[in-house]
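Worksheet for the structure shown next.
Counting convention: from 1, in listed order, for ligands and their atoms alike.
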Amino acid sequence: MSMNCFSLSNKLALVTGGSYGIGFAIATALAEAGAKIVFCDLNDELIEKGLIAYHKLNIAATGYVCDVTNELAVQEMVKKIETDLGVIDILVNNAGIIKRIPMLEMSSTDFRQVIDVDLTAPFIVAKAVLSSMIKQRRGKIINICSMMSELGRETVSAYAAAKGGLKMLTKNIASEYGEYNIQCNGLGPGYIATPQTEPLRTNGHPFNNFIIAKTPAARWGTPEDLAGPAVFLASTASDFVNGHILYVDGGILAYIGKQP
Ligand code: NAP
Ligand code: GCO
């Protein structure tokens, strides 16, 4: 296999929640490997923010306002993308939320909202793109899982349940559609410095040093740490990798943690 197996030339990638953070970093990496980028986010302001950021990097991205929990809106967005730009070759289910609330204090409404965005939405968006991937006998779906696909901790019951479910949804899509040359894998970031984890890293929060002590790399990850693994899972280099969760965590899942 030649090394251009990492090339994404002539591929169209949809990244959900791609205006900033991990989604933006992954989309940038896919673009640098040759992919055309489409992204969606919740409102015009986020789309504008993303477009400015992509254009600063000379990436001609296209943005759509779409709440990925809204099945009709997702179906309409995918149909518009396919009309305007072509079939989606690569889907990155990145959009996600977290609510850090002790379980006994968490309402079922809050629980359901996290499940809706972090688990049901990846199902909805994957379903919307799979038909065309089946027709073209190829496709790549990358679900952004989490260390919480494997571990729990206080206050993140809904998030861990969603990300654990997303791990199994990933394996099931791989199982059900692998025969159509569709690969569905997960990317499991460790603790990454983004707006989502800012409350844990700032104002002297004890979690900051805790994570550094628990991570062999002795640092928080950056969104850019996910770039290479994402290109690998989006490219023909991973055509025989299916149903796998690739953890990009600095080794944290392998390590008991430094003695205090
Ligand atoms: P982030 O900074 O909160 O960005 C998430 C993006 O998704 C935001 O643009 C957000 O828009 C968007 N989004 C949220 N709900 C949406 C919806 N219903 N429809 C469309 N877009 C929606 O998060 P991040 O840290 O970059 O994380 C991205 C993904 O990686 C998430 O799935 C997260 O669970 C996962 N992850 C993060 C870490 C980490 O340490 N940061 C580690 C492992 C996994 P708004 O700005 O309006 O919320
Ligand atoms: C938390 C963090 C984590 C990260 C990530 C770890 O509160 O524990 O937000 O959940 O977001 O998912 O992989």
With under 30° as parallel and over 60° as perpendicular, where do the rings of Phe207 and His205 fit, or are they tilted in between? perpendicular

Residues Thr215, Tyr191; criterion side-chain contact (heavy atoms from CB on, under 4.5 Å); working and verdict: CA-CA 9 Å; Thr215 307; Tyr191 279 88; 5.9 Å; no

Atoms of ligand 1 close to Gly21 [distance to a heavy atom under 4.0 angstrom, numbered from 1]: 26 (O)

Side chain, backbone, both or neither: which part of Ser19 comes within less than 4.0 Å of ligand 1 when only heavy atoms are counted? neither

For atom 9 (O) of ligand 1, grab the closest protein heavy atom and report residue, atom and distance to one decimal in Å. Asp41 OD2, 2.9 Å

Under 4.0 Å from a heavy atom of Met147: which atoms of ligand 2 are those, numbered in the order shown and with their elements? 13 (O)

Is Pro195 close enough to touch ligand 1? Criterion: a residue heavy atom under 4.0 Å from a ligand atom. yes

Which word best sums up how the rings of Tyr54 and Phe39 line up, parallel for under 30°, tilted for 30 to 60°, or perpendicular for over 60°? tilted

ILVMFWY network linking Ile211 to Met148, side-chain heavy atoms under 4.5 angstrom: yes

For Thr16, which part has a heavy atom under 4.0 Å from ligand 1: side chain, backbone, both, or neither? neither

Not counting sequence neighbours, which residues clear salt bridge (Lys or Arg N to Asp or Glu O under 4.0 Å) with Lys80? List them please. Asp84

Hey, which atoms in ligand 1 end up nearer than 4.0 Å to a heavy atom of Asp67? 17 (C), 18 (N), 19 (N)

Heavy-atom nearest neighbour in the protein, as seen from atom 2 (O) of ligand 1, with distance rounded to 0.1 Å: Tyr20 CE1, 3.1 Å

For Cys66, the atoms of ligand 1 under 4.0 Å from one of its heavy atoms are 19 (N), 20 (C)

We want to know whether Asp225 and Thr222 form a side-chain donor-acceptor pair, criterion being a heavy-atom distance below 3.5 angstrom. yes

What protein heavy atom lies closest to atom 22 (C) of ligand 1? Include the residue and the distance to one decimal. Ala95 CB, 3.6 Å

Looking only at heavy atoms, is any part of Gln196 under 4.0 Å from ligand 2, and if so is it the side chain, the backbone, or both, or is it neither? side chain

Please classify the Lys163 to ligand 1 contact at 4.0 Å (heavy-atom distances, strictly less than): side chain, backbone, both or neither. side chain

closest protein heavy atom to atom 37 (C) of ligand 1 is Ile22 CD1, 3.5 Å

Using a 4.0 Å heavy-atom cut-off, which part of Leu200 comes near ligand 2: side chain, backbone, both, or neither? side chain

Applying a heavy-atom cut-off of 4.0 Å, say which part of Asp249 lies close to ligand 2: side chain, backbone, both or neither. neither

min-distance protein heavy atom vs atom 47 (O) of ligand 1 -> Leu46 CD1, 3.3 Å

Hey, looking at atom 28 (C) of ligand 1, which of Val92, Asn93, Asn94, Leu226 has the closest heavy atom? Asn94

Taking heavy atoms and a distance under 4.0 Å, where does Cys145 meet ligand 1: side chain, backbone, both or neither? backbone

Does the Asn242 side chain pair with the main chain of Cys184, one donor and one acceptor, at a distance under 3.5 Å? yes

